[in-house]
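Values below: all heavy atoms of this structure, side chains included; hydrogens, waters and symmetry mates excluded. Each ligand, and each atom within it, is numbered from 1 in the order the structure gives.
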Amino acid sequence: MFGLAPVDAIYMDYAATTPVAPEVMATMQAALADFGNPSSSHAWGAQADAHVEAAAAALGAALGVASDTLVWTSGATESDNLAIMGAARYRAARGKHVITSRTEHKAVIDACKQLEREGFEVTWLTPEADGRVTPGALAAALRDDTVLVSLMWVNNEIGTINDIPALAAVVAEHDALFHVDAAQAFGKVPVAPAELAIDLMSVTAHKCYGPKGIGALYVAPRHGVQFEPLLFGGGQQGGRRPGTLPVHQIAGFGRAAALVSEQLEADRVRLDALGRDLAARVLAVPGVVLNGSATERLQSIVNVSIEGVAGEALVAAMQPIALATGSACNSRDVAPSFVLRALGRDDVLAGASLRFSLGRSSTPEDVDTAATRFEAAVTRLRDMAGDLARVLP
Ligand SMILES: *Cc1c(COP(=O)(O)O)cnc(C)c1O
């Protein structure tokens with residue numbers, strides 16, 4: 001369906017990134033041909049600007065928001081940084097307390113750590129063992145000087161879905177802004193920030209069949225939802241995020257957003273069923289446990305810990321099925337997943353974890369192949385460990 005994968009390879013790493021849909025490539029190519037600067041007032045500029053306007057309308061429609069509430073960024077990392085550091089700095093005179101959780105994406109965690117270096121105090125909530133932050137825990141952490149709360153909609157390592165409507169209602173009782181990282185949620189679960197008390201929300205194209213390097217920040221059109229920019233330069237995007245707009249990237253994101261919202265329900269039903277089948281097979285292997293919530297989860301992300309094997313050895317043994325031990329951004333890091341550690345898994349089980357993530361091109365045959373290979377690999381690695389233990393008493 002997509003790309004030029006080796007014939008027998010199976011891509012099961014959709015949480016890391018998704019293939020670019022052919023329709024998206026075509027849209028991007030057309031936008032590249034219209035090379036004008038969208039800020040220019042001549043015809044070339046207007047032609048380029050039309051691509052940007054169309055994309056903003058498409059993304060706005062997919063999110064149920066007005067197109068002028070969207071700020072284009074280079075991806076969810078920048079959206080998270082802009083929302084968190086920008087809003088906290090803007091509001092510093094009112095208070096210097098920020099709340100987030102220990103299982104956020106690094107783009108949120110490291111932005112909050114930067115705020116700590118700047119003199120803010122950050123409360124790091126520990127989610128329940130199933131990976132969810134409870135409204136009660138959030139309510140207990142909110143203070144009069146809390147200026148910002150940042151929590152993710154869907155976790156990228158374990159697929160757990162936070163109860164964002166309930167969490168938003170808790171924040172709304174305070175004078176704090178609520179930022180949501182929806183990078184993994186958009187295109188997979190219905191995401192309509194304007195219906196909730198969400199002030200700022202990050203999305204990115206490459207998690208929903210669009211190109212890498214383009215994202216957006218939704219900014220609720222409410223009084224007081226303001227932030228300081230991270231970049232300074234031309235006056236593009238009202239100065240909130242200056243720089244010449246990457247027209248082809250934006251056009252690709254717009255097209256991808258339109259496609260995922262059209263296909264959301266159908267994809268969700270199909271991928272939920274596939275994910276449930278995969279989880280049932282994988283969890284039937286003795287000594288394999290699910291990470292994250294069994295029910296409040298994107299069923300298309302199946303993250304398991306396996307007793308008696310090393311995660312890296314298992315990823316190697318699963319070749320040519322492309323999987324991850326944690327998030328792609330941290331996979332060069334050999335330390336056990338900080339997300340799984342925060343949920344109470346010990347170092348050994350947190351280190352022996354595997355994330356299967358399914359997407360549009362996944363088939364029942366892929367799931368069967370992956371599960372069969374998993375069963376065989378776990379058995380073989382455990383046998384090898386047993387042999388080694390006999391030779392090396
Ligand atoms: C991928 C991801 C990001 C980072 O997005 P980029 O566009 O790659 O910068 C942030 N948060 C979550 C939850 C993600 O899955």
Ion pair check, R241 and E78, cut-off under 4.0 Å
yes

Could an N or O of ligand 1 be found under 3.5 Å from any N or O of S74, whether backbone or side chain?
no

Between the side chains of K96 and E118, is the shortest nitrogen-to-carboxylate-oxygen separation below 4.0 Å, so that they form an ion pair?
no

Can we say E265 and R268 salt-bridge, meaning some charged N sits less than 4.0 Å from an Asp/Glu carboxylate O?
yes

Between A107 and ligand 1, which part of the residue brings a heavy atom under 4.0 Å of the ligand: side chain, backbone, both or neither?
neither

Proximity to ligand 1 by part of T77, non-hydrogen separation under 4.0 Å:
both

Using a 4.0 Å heavy-atom cut-off, which part of E78 comes near ligand 1: side chain, backbone, both, or neither?
neither

Would you be so kind as to tabulate the donor-acceptor pairs closer than 3.5 Å made by side chains of residues 139-147, with sequence neighbours excluded?
residue: R143; atom: NE; partner: D145; partner atom: OD1; Å: 2.9
residue: R143; atom: NH1; partner: E121; partner atom: OE2; Å: 3.0
residue: R143; atom: NH2; partner: E121; partner atom: OE1; Å: 2.9
residue: R143; atom: NH2; partner: D145; partner atom: OD1; Å: 3.4
residue: R143; atom: NH2; partner: D145; partner atom: OD2; Å: 3.1
residue: T146; atom: OG1; partner: H97; partner atom: ND1; Å: 2.8
residue: T146; atom: OG1; partner: R143; partner atom: N; Å: 2.7
residue: T146; atom: OG1; partner: R143; partner atom: O; Å: 3.1

Taking N or O atoms only and a 3.5 Å limit, does H206 qualify as a polar contact for ligand 1?
yes

For ligand 1, indicate whether the residue K207 contacts it via side chain, backbone, both or neither (heavy-atom separation under 4.0 Å).
side chain

Can a salt bridge be assigned to the pair R297 and D130 using a cut-off of 4.0 Å between side-chain N and carboxylate O?
no

If you measure every N or O of M152 against every N or O of ligand 1, does any of those distances drop under 3.5 Å?
no

NZ/NE/NH1/NH2 to OD/OE distance under 4.0 Å, R355 and D13:
yes

Proximal atoms of ligand 1 relative to N156 (non-hydrogen, under 4.0 Å)
13 (C), 15 (O)

